[in-house]
2 protein chains.
Amino acid sequence: MPNALEQAKALFVRRWGEMGGYWGINRTMAEIHALLFVTQEPLCTDDFMMQLKISRGNASMNLRALVDWGLIRRTHKLGDRKEYFQADTDIWHMFETILRERRRREIEPILETVEHCREIVSAPKTASQEDIDPEQVRALRRRLDELHSFLTTMGALFDLALHYGSDGMGKLARSLGVANEPRAADRGPTRTERPARKSRRAKPSSTERK
Amino acid sequence: MPNALEQAKALFVRRWGEMGGYWGINRTMAEIHALLFVTQEPLCTDDFMMQLKISRGNASMNLRALVDWGLIRRTHKLGDRKEYFQADTDIWHMFETILRERRRREIEPILETVEHCREIVSAPKTASQEDIDPEQVRALRRRLDELHSFLTTMGALFDLALHYGSDGMGKLARSLGVANEPRAADRGPTRTERPARKSRRAKPSSTERK
DNA sequence: CAATTGTTTCGAGATATTCTGAAATATAAG
DNA sequence: CTTATATTTCAGAATATCTCGAAACAATTG
């Protein structure tokens, strides 16, 4: 019977893994990340293999993907040739990373398509298409416009979130309960840049697109 | 060769379908939804079968799921026994529905787990566990606390978004000086309540969990 | 109630995704 | 250079997910 500490960790790892699916990452990847999150010391590939009961290949693939995402980073121990991994402890930064990725994958492509669709229906009629119901075209265009403006707003809010950082968001949430905040001229040192992510070996990112 | 209108619709349907995966709904479901979104008239099962080239069973399943989600609703035509379906035209309301569902699936479960984990590690030691490193416990608790407060803030922001509605968010984004297109079509008062969803036949929702 | 029309369910098959295990590749040390 | 140690890759196996199609079910009509 594992002690309370281990029990809590295991529970967290399991649940975080299940949630992974909803966040666009697979279970194993999420579990690895969770394990790193609840463990302060850096862990090496063998640790993941044992604790999560996964193969070496699987561990390697998912560790790489996590590094590519920017959610964990490689570290080393003196006199040890193994690579160790460590999760970002800054939750806000973690969230930032995920948010950025999600926007790139969920909002940008559909925005592009909406724009493209608008072009198509806005192009001047050709002779062969004079039978298109102009009412239908107007209706479609209206919907596309609405969607476009909606997505733009959403994108802007993402930017906002990324820009303000955790403190800002907390404040924002609180102040919105009352009135609109007065255009923060004074936000503190908010992190916005990502830490430099260097791949050990140069390699065209393999974890693009699905 | 389809005309511009059809072309635009088809493009949108295809892309929206691809995006579906990221939003936790499968391709077909997303395509059905997209088709309804770009079509003003209500469509019936056969329309979906033809236009999307899917089987009747598939159409039925996914239509039901969409209705359960609250993203589309059933309607009828006078003197016609078929069921027709119609998408919510209010984009904000659509988003609201998705947001609500996502919070329920993505934030709440992990929040619960975090709380549970805290309880586990906070419980008084039993005799058999006196060897747990208290430093480790403290560290874990710290991380859990951070995560907890983060998730709570996020939940609050969701509530805010839901509460304020489209106009509020648009205004907010604008007032915060974010680049944002002028809103198309001024629509009436923002809807906030969901339309009553009645299943034709009583039936325990089959589309729970994944 | 039998016929007609429309909807839902569900097992089997098709697809897509993830994982394993072992071979190939890389890195460091002697 | 050779050996020892670590990491990555990838084809095939294992899983998970989605779709079809047909039978079962329900509602309406005559």
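Below, chains carry the letters A, B, ... as their sequence lines are ordered, and counting in each starts from 1.
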Exercise. Answer with yes or no whether A/Arg64 presents, from its side chain, a donor or acceptor under 3.5 Å of a partner atom in the base of D/dT7.
Key: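 Such a pair does not exist between side chain and base.
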Could you tell me how far apart [X] ([atom1]) and [N] ([atom2]) are, to the nearest whole angstrom?
| X | N | atom1 | atom2 | value |
| --- | --- | --- | --- | --- |
| A/Arg27 | D/dA16 | CZ | P | 8 Å |
| A/Met61 | D/dT8 | CE | P | 11 Å |
| B/Asn62 | C/dT9 | CG | P | 13 Å |
| A/Phe48 | D/dT7 | CZ | C1' | 14 Å |
| A/Phe85 | D/dA6 | CZ | C1' | 11 Å |
| B/Met49 | D/dT19 | CE | P | 14 Å |
| B/Lys82 | D/dT28 | NZ | P | 15 Å |
| B/Met29 | D/dT19 | CE | C1' | 13 Å |

Quiz prompt | Closest to the B/Arg81 side chain, choosing from C/dT9, D/dA27, D/dT5 | solution =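 Side chain of B/Arg81 sits closest to D/dA27.
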Quiz item: Which one, C/dT7, D/dA27, C/dT18, comes nearest to the side chain of A/Asn26?
Solution: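 Looking only at heavy atoms from C-beta outward on A/Asn26, the closest nucleotide is C/dT18.
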Quiz item: Should the pair A/Glu146-A/Arg143 be classified as a salt bridge under the 4.0 Å nitrogen-to-oxygen rule?
Solution: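 Not counted as a salt bridge, because no side-chain N and carboxylate O are separated by less than 4.0 Å.
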Practice problem: Flag the pair A/Glu115 and A/Arg118 as a salt bridge only when some basic side-chain nitrogen lies within less than 4.0 angstrom of an acidic carboxylate oxygen. | Solution: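 Salt bridge flag = no for A/Arg118 with A/Glu115.
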Quiz item: Hey, does B/Cys117 have a side-chain heavy atom less than 4.5 Å from the side chain of B/Val114?
Solution: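 When only atoms from C-beta onward are counted, B/Cys117 and B/Val114 do not touch, as no gap falls below 4.5 Å.
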Quiz item: Is the shortest side-chain N/O distance from B/Thr45 to OP1 or OP2 of C/dG6 below 4.0 Å?
Solution: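 Checking C/dG6 against B/Thr45, no side-chain N or O comes under 4.0 Å of OP1 or OP2.
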Quiz item: Is any side-chain N or O of A/Thr28 closer than 4.0 Å to OP1 or OP2 of C/dC19?
Solution: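 Answer yes for this pair, as a side-chain N or O of A/Thr28 is under 4.0 Å from OP1 or OP2.
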Quiz item: Does B/Glu18 have any salt bridge (Lys or Arg N to Asp or Glu O under 4.0 Å) partners at least two apart in sequence or in another chain, and if so, which?
Solution: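 If we apply the salt bridge (Lys or Arg N to Asp or Glu O under 4.0 Å) test to B/Glu18, skipping adjacent residues, the hits are B/Arg15.
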Can you measure from [atom1] ([X]) to [atom2] ([Y]) and round to the nearest 0.5 angstrom?
| X | Y | atom1 | atom2 | value |
| --- | --- | --- | --- | --- |
| B/Gln86 | B/Leu43 | CD | CG | 9.0 Å |
| A/Met61 | A/Asn26 | CE | CG | 10.5 Å |
| B/Phe12 | A/His116 | CZ | NE2 | 14.0 Å |

Quiz item: Looking at residues 50-58 of chain B, who's got a heavy atom less than 4.0 Å off DNA chain D?
Solution: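 B/Lys53, B/Ile54, B/Ser55, B/Gly57, B/Asn58 - these, ordered by number, are the residues of the stretch whose heavy atoms sit under 4.0 Å from the strand.
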Quiz item: If each of A/Ile25 and B/Ser60 is mapped to the nucleotide of DNA chain C with the nearest heavy atom, which maps nearer the 5' terminus, i.e. the 5' end?
Solution: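 Counting from the 5' end, the first nearest nucleotide belongs to B/Ser60.
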